[in-house]
Amino acid sequence: MSRIGAEELREAVLDAGSFVSWDVEPPAVPVGTAYAAELSAAREATGHDEAVITGAGRLGGRPVAVIASDFDFLAGSIGVAAAERITAAIRRATAQRLPLLASPSSGGTRMQEGTVAFLQMVKIAAAVELHKRAHLPYLVYLRHPTTGGVFASWGSLGHITLAEPGALIGFLGPRVYEQLYGAPFPPGVQTAENLQAHGVIDGVIPVKWLRRTCERALRVLADEPGPAPEAPPAEVIPDVAAWDSVCASRRPDRPGVGFLLRHGATERVLLSGTGHGEAATTLLALARFRGQPAVVLGQQRRVGGIVGPAALREARRGMALAAGLRLPLVLVIDTAGPALSAEAEQDGLAGQIAACLAELVTLEVPTVSVLLGQGSGGPALAMVPADRVLAALHGWLAPLPPEGASAIVFRDTDHAPELSAAQGIRSADLLANGIVDVIVGEHPDAAEEPIDFTKRMSTAIAAALHALRDIPDEQRLAARLERYRRIGLPETDVSQRKYE
């Protein structure tokens with residue numbers, strides 16, 4: 001396939017005429033006669049003095065820094081001089097608080113410089129990590145081909161990682177593999193599409209769509225929140241039987257998190273884990289609700305709505321992404337329960353639930369949980385403990401599905417309606433017990449009025465995000481921990497106790 005050059009990439013992404021180069025003459029490094037001739041030939045052929053170009057420009061009027069490889073310069077390989085250029089650009093972007101778009105196209109370490117070149121990946125990775133710790137966006141677009149140490153360092157550290165269609169992306173170059181092992185590398189593995197299918201990268205898009213995708217992402221990641229959204233209308237919540245809510249939540253035509261994003265949010269950018277395998281039960285995205293930016297983490301009713309360890313690992317990625325970017329996190333709960341299988345046990349299901357639960361309740365950014373439908377078992381609990389919890393009228397939360405609780409108590413499933421009422425799982429009971437803050441009405445059922453329901457839910461999410469925005473982190477976290485400490489306890493019991 002043809003390769004996208006560094007200038008072509010730059011021109012496709014940045015506003016016309018906005019790019020200003022940051023490149024200075026590369027530092028002198030020791031070279032032998034043969035290597036000096038290779039460098040000279042590469043400079044003459046490409047018009048570049050090294051394998052990367054760096055600088056800053058504007059993307060939709062927004063200042064950004066850019067680093068792009070030139071594969072035609074010694075296969076885009078990274079030696080001491082190229083690494084120093086990359087590191088200097090990353091540090092400059094950090095100092096100027098600029099979002100950074102990196103676009104590798106490289107065979108990896110420059111073999112002519114040996115182990116010294118190999119070690120350059122350390123300083124590049126360090127610079128990227130410090131950029132991210134400054135809560136600045138780091139976007140990566142992998143071009144054909146990207147392999148070796150480049151893929152294993154600055155090519156794999158993006159908050160968002162995209163790749164061009166058909167690109168060869170992999171750690172071990174196929175030619176090296178064939179020479180070492182005497183057989184070709186298995187076909188179809190080291191492709192952008194296959195890596196997306198396995199959740200390694202977030203998306204595969206042609207370069208002509210890259211500008212639009214980056215612009216949408218940066219509206220969420222870098223732009224200020226919008227003004228206060230409209231107040232959600234006050235509603236009289238009807239008295240609905242718990243079992244009626246359970247049945248309503250299981251309707252196959254009930255709007256889920258994907259529908260909520262499509263019709264209730266803007267600037268949507270879907271990330272990995274959104275379409276393949278067991279991880280497909282978790283959707284991860286960037287979006288705005290009525291102008292309020294957030295990372296969105298939602299459970300989808302694919303694969304029967306059963307959540308396993310891979311989906312929970314994807315959920316933890318969402319939590320880490322929100323924390324790293326200092327963005328609020330919106331969690332959408334809609335699960336029939338945990339995967340109950342030997343594979344799930346061996347893959348650490350319980351440990352993943354525990355890690356999600358612990359990380360969410362102590363997360364430093366604002367959090368809003370939405371009980372959209374079914375809320376069964378540990379995977380639902382792991383996404384509940386937020387600063388604000390919203391529930392659809394027919395949303396519910398229980399340790400097990402009512403049929404499972406009936407099987408334990410009565411050794412049959414016939415008593416599920418009775419137990420669903422007795423356990424206090426419906427939204428009205430959750431509100432009375434301080435587990436839920438707001439109930440969003442359904443008239444009479446979200447499946448009957450999906451667009452109107454989604455608009456109401458979106459407005460409620462936006463209002464909760466805006467209300468949390470200006471609360472200091474320490475105060476918000478302390479209030480969250482105290483809230484979950486006192487659930488189920490008499491008010492006087494908690495208020496009169498001292499912390500040990």
Side-chain angles (χ1 to χ4, degrees), residues 133 135 225 282 289 292-299 307 312-333 335 338 349-372 375-391 395-399 423-425 427 429-439 460-500:
R133 288 190 188 184
H135 311 302
T282 298
F289 293 92
Q292 308 304 306
V295 173
V296 182
L297 180 58
Q299 293 167 334
V307 174
L312 292 164
R313 280 191 285 271
E314 186 71 9
R316 293 176 65 195
R317 182 202 168 188
M319 296 175 195
L321 188 64
L325 290 165
R326 303 298 296 164
L327 280 175
L329 178 65
V330 173
L331 308 103
V332 181
I333 301 165
T335 174
L349 174 62
Q352 290 300 322
I353 292 172
C356 279
L357 189 60
E359 290 166 17
L360 176 59
V361 77
T362 57
L363 205 64
E364 292 186 353
V365 298
T367 52
V368 175
S369 284
V370 179
L371 192 53
L372 192 62
S376 180
L381 178 66
M383 291 176 60
V384 166
D387 297 306
R388 298 287 184 272
V389 182
L390 317 179
W396 54 274
L397 182 66
Q423 287 189 313
I425 71 173
S427 60
D429 300 319
L430 301 175
L431 182 67
N433 286 320
I435 297 168
V436 158
D437 300 292
V438 173
I439 295 176
I461 292 169
L465 290 171
H466 185 270
L468 293 167
R469 193 175 74 195
D470 295 327
I471 302 174
D473 290 348
E474 280 191 22
Q475 180 182 334
R476 190 178 56 249
L477 179 57
R480 187 194 305 155
L481 294 174
E482 182 63 12
R483 167 186 182 151
Y484 291 100
R485 183 172 186 244
R486 71 171 182 261
I487 285 176
L489 290 173
E491 200 62 37
T492 53
D493 187 55
V494 173
S495 62
Q496 293 176 6
R497 289 174 64 184
K498 302 292 184 183
Y499 288 102
E500 292 80 7

Quiz item: Which heavy atom of Ile471 sits nearest a heavy atom of Arg476, and at what distance?
Solution: O-NH1, 2.8 Å
Quiz item: Are the side chains of Pro328 and Leu468 in touch, meaning some heavy atoms are under 4.5 Å apart?
Solution: no
Exercise. For residues Gln292 and Val368, determine if any side-chain heavy atom of one lies less than 4.5 Å from a side-chain heavy atom of the other.
Key: no
Exercise. State the CG-CE distance between Leu360 and Met319, to the nearest 0.5 angstrom.
Key: 4.5 Å
Self-check item: Nearest-0.5 Å distance, SG of residue Cys356 to CG of residue Leu297
Solution: 8.0 Å
Quiz item: What is the distance from atom OG of Ser369 to atom CD1 of Ile461, rounded to the nearest 0.5 Å?
Solution: 10.5 Å
Quiz prompt | Passing option when Leu397 is tested against Leu371, Ile333, Ile425, Asp429 for side-chain contact (heavy atoms from CB on, under 4.5 Å) | solution = Leu371
List the atom pairs, donor and acceptor, that lie under 3.5 Å between side-chain atoms in residues 382-391 and the rest of the protein, sequence neighbours left out.
{"unit_1": "Asp387", "atom_1": "OD1", "unit_2": "Arg480", "atom_2": "NE", "d": "2.8"}
{"unit_1": "Asp387", "atom_1": "OD1", "unit_2": "Arg480", "atom_2": "NH2", "d": "3.2"}
{"unit_1": "Asp387", "atom_1": "OD2", "unit_2": "Thr367", "atom_2": "N", "d": "2.9"}
{"unit_1": "Asp387", "atom_1": "OD2", "unit_2": "Thr367", "atom_2": "OG1", "d": "3.1"}
{"unit_1": "Asp387", "atom_1": "OD2", "unit_2": "Arg480", "atom_2": "NH2", "d": "3.1"}

Self-check item: Contact summary for Val295 and Gly318, nearest pair of heavy atoms
Solution: CG1-O, 3.8 Å
Self-check item: For the student: nearest non-hydrogen atoms of Gly375 and Ala380, plus distance
Solution: C-CB, 3.5 Å
Quiz prompt | Where Ile435 and Ile487 come nearest, the two heavy atoms and their spacing | solution = CG1-CD1, 4.0 Å
Quiz item: If every non-hydrogen atom of Ala323 is compared with every non-hydrogen atom of Leu363, which pair is closest and at what distance?
Solution: CB-CD1, 4.0 Å
Quiz item: Would a distance-only check, ignoring hydrogens and angles, find a side-chain to backbone donor-acceptor pair under 3.5 Å from His135 to Gly324?
Solution: yes
Practice problem: Write down the atom of Val370, the atom of Val330, and the distance for their closest heavy-atom approach. | Solution: CG2-CG1, 4.3 Å
Self-check item: Under 3.5 Å: donor-acceptor pair, side chain of Gln299, backbone of Pro379
Solution: yes
Quiz prompt | Flag, side chain of Arg326 to backbone of Val365, donor-acceptor distance under 3.5 Å | solution = no
